[in-house]
Participant: 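I'd like to ask you about the structure that follows.
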Amino acid sequence: MVFEKSACIEPMYQELPFLERFRAAGQDGFAYVEFWSWTDKDLRAVRQAAEDAGVGIAGFNGDAELSLIDPRQKEAYLAFLRRSIAAAREVGARSLTIHSNGLGEGGVVLNSYPELSDTVKLCTMFDNLRSCADLAEESGIRLNLEPLNITTDHRGNFLTTTRMAAEMTRLIGSPMLKVLYDVYHMQLNEGSLCDNIRTYGDQFGHIHVADAPGRHEPGTGEINYRKVFSCLEETGYTGLVGFELIPAETTAQAVQTIMQY
C-alpha cells in the first residue's frame with residue numbers, strides 16, 4: 001500500500017495507558033495516530049507524547065455532542081468547533097472529523113430529530129457546513145465530514161451515504177472541507193465500494209479502515225481491501241489511511257496483519 005498509515009489509538013493499544021500508545025504506534029510503523037475525543041485529554045501531554053514518539057497527529061472528533069442538522073444548534077456548534085480547532089492547533093493535528101448528529105458514549109446517536117423533515121435536516125447541514133468551511137479555511141485545519149452506518153453502530157444518524165456527503169462538499173467547493181470515507185461504515189450501509197470510490201474519491205480527505213462485519217482488521221471479514229486500496233490509488237488519493245478498528249484478538253496480531261498492506 002502506498003499510503004501512509006494512521007492508528008486510531010482509542011480502540012487499538014487499549015492494553016496500554018493512553019499516552020504510552022503514541023510510542024507503541026510509532027514503534028509499530030505508524031506515521032500518524034488519531035483518537036476520538038479531545039476534551040478528556042491533557043493536550044500539552046498529548047503533543048509531547050506525539051513528539052517524543054516521532055508520530056504526527058492525524059486528527060480527532062471536532063463536534064462532540066452537537067449536531068449539524070439541528071437549526072437551533074448552529075451557534076453552539078460553531079462555538080465548539082472553534083474550540084476544537086484551537087485544540088487541533090495546540091497538539092499539531094492535521095484535521096478534525098465532523099458528523100451530522102451529535103454522538104454520545106460509544107458513538108450512540110443522541111437525537112435523530114424525528115420532528116424535523118429530511119429537507120430541514122439537509123438544508124441546515126449544508127448551511128452549517130458552509131460556515132464550517134469558512135472556519136477551516138481561516139484556521140488551516142481541514143474538516144472531514146463522515147457518514148456513519150445505521151445498521152450496527154449509529155442507528156438514527158442522518159448522514160449515511162458517500163453520495164450525500166460528497167455532493168455537499170463538492171457544492172461548497174472548499175479545499176478544507178472533505179469527506180471521511182470509512183470503508184467499514186459504507187460497506188454496511190451501501191456496498192459498491194469501488195464504484196463509490198471511483199465516483200466520489202476526489203472528495204476524500206481521509207480514509208478509515210476496518211473489516212465488516214466485526215470492525216476488526218482487514219482479512220477478518222468480507223471486504224477485499226487489496227482491491228479497495230487499488231481503487232483509491234486509481235483515483236489519485238494521496239492522503240492518510242487510518243486504521244480505526246477493534247483488534248480481533250490482540251493489538252500486536254492486528255498490527256502484523258495491517259502492515260502487510
Side-chain angles (χ1 to χ4, degrees), residues 1 3-62 64-65 84 87-88 90-97 99 103-108 144 146 148-149 152-154 180 182-185 187-188 206-223 225-226 228-229 239-261:
M1 187 178 72
F3 312 109
E4 286 190 297
K5 297 180 177 69
S6 173
C8 185
I9 57 173
E10 300 269 16
M12 295 178 66
Y13 299 99
Q14 290 191 40
E15 65 276 11
L16 296 173
F18 183 75
L19 292 175
E20 294 180 19
R21 300 177 193 182
F22 292 80
R23 185 176 299 279
Q27 290 174 340
D28 281 340
F30 291 100
Y32 289 83
V33 299
E34 54 194 87
F35 46 90
W36 290 332
S37 61
W38 66 267
T39 55
D40 58 345
K41 308 289 193 300
D42 180 334
L43 299 182
R44 185 174 298 178
V46 164
R47 182 172 191 132
Q48 191 63 54
E51 290 177 354
D52 290 346
V55 296
I57 298 179
F60 47 83
N61 291 341
E65 299 180 353
S84 297
E90 184 170 348
V91 301
R94 292 164 49 127
S95 67
L96 295 170
T97 304
H99 308 88
L103 303 176
E105 188 71 25
V108 172
N144 293 314
E146 183 178 25
L148 302 173
N149 84 74
T152 308
D153 302 295
H154 307 287
L180 195 164
D182 187 308
V183 183
Y184 162 77
H185 287 313
Q187 173 68 359
L188 293 178
H206 193 63
I207 304 296
H208 272 171
V209 163
D211 217 331
R215 206 170 190 171
H216 304 309
E217 58 268 25
T220 58
E222 64 192 12
I223 300 174
Y225 266 105
R226 298 207 180 276
V228 167
F229 292 141
L240 301 179
V241 171
F243 289 82
E244 187 192 46
L245 54 84
I246 303 163
E249 295 186 24
T250 67
T251 299
Q253 289 172 301
V255 168
Q256 187 174 12
T257 297
I258 288 167
M259 292 304 167
Q260 296 175 13
Y261 287 85

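All values reported here derive from a predicted model rather than from experimental measurement. When a residue number appears, it is its place in the shown sequence, counting from 1.
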Participant: Is there a side-chain contact between V241 and Y261 (heavy atoms, below 4.5 Å)?
Facilitator: no
Participant: Which residues pass the salt bridge (Lys or Arg N to Asp or Glu O under 4.0 Å) test with E10, not counting sequence neighbours?
Facilitator: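 So E10 forms a salt bridge (Lys or Arg N to Asp or Glu O under 4.0 Å) with K41.
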Participant: Could you tell me the separation between the CD atom of Q256 and the CD atom of Q260, rounded to the nearest 0.5 Å?
Facilitator: 6.5 Å
Participant: As an exercise, state the distance from CG of L96 to CZ of F60, rounded to the nearest 0.5 Å.
Facilitator: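 Nearest 0.5 Å value for the CG-CZ distance: 5.0 Å.
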Participant: Got a second to check how far I207's CD1 is from F243's CZ, nearest 0.5 Å?
Facilitator: 11.0 Å
Participant: What's the spacing between N144 CG and N61 CG if we round to 0.5 Å?
Facilitator: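 Atom-to-atom, N144:CG and N61:CG are 11.0 Å apart.
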Participant: Is it true that the side chains of T97 and E146 contain a donor and an acceptor less than 3.5 Å apart?
Facilitator: no
Participant: Crowded around E90 CD? As in, over 12 foreign heavy atoms under 6.0 Å?
Facilitator: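 Check passes, neighbour count above 12.
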Participant: Over all heavy atoms of both residues, which pair between N149 and T152 is shortest? Give the atoms and the distance, please.
Facilitator: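 Smallest heavy-atom distance, with atoms named: OD1-N, 2.9 Å.
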Participant: Minimum heavy-atom separation for L240 and A58, please, with both atom names.
Facilitator: CD1-CB, 3.7 Å
Participant: Sequence neighbours excluded, which residues qualify as salt bridge (Lys or Arg N to Asp or Glu O under 4.0 Å) partners of E65?
Facilitator: none
Participant: Using every non-hydrogen atom in the two residues, find where W36 and C8 come nearest and quote the distance to one decimal.
Facilitator: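 Closest pair (atom of W36, atom of C8, distance): NE1-SG, 3.5 Å.
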Participant: Is it true that a side-chain atom of Y225 and a backbone atom of A210 form a donor plus acceptor pair closer than 3.5 Å?
Facilitator: yes
Participant: Take V228 and Q187 through the side chain to side chain contact (heavy atoms under 4.5 Å, CB included) test and state the conclusion after the steps.
Facilitator: CA-CA 11 Å; V228 167; Q187 173 68 359; over 6 Å; no
Participant: Determine whether the aromatic ring centres of residues H154 and H185 are separated by less than 6.0 angstrom.
Facilitator: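 Centroid distance H185-H154: below 6.0 Å, so yes.
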Participant: Please assess M12 against F30 for the test side chain to side chain contact (heavy atoms under 4.5 Å, CB included), listing each intermediate value before the final yes or no.
Facilitator: CA-CA 12 Å; M12 295 178 66; F30 291 100; 4.2 Å; yes
Participant: Tell me, which pairs form a side chain to side chain donor-acceptor pair (under 3.5 Å) where one or both residues lie in residues 16-29, sequence neighbours left out?
Facilitator: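 Sorted pair list: Y13-D28.
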Participant: Out of curiosity, L148 CG to D182 CG, how far, rounded to the nearest 0.5 Å?
Facilitator: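 So the gap between those two atoms works out to 7.5 Å.
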Participant: Can you find a side-chain donor-acceptor pair between E217 and T220 that sits under 3.5 Å?
Facilitator: no
Participant: Nearest 0.5 Å please: distance from the CD1 atom of I57 over to the CD1 atom of I9.
Facilitator: 8.0 Å
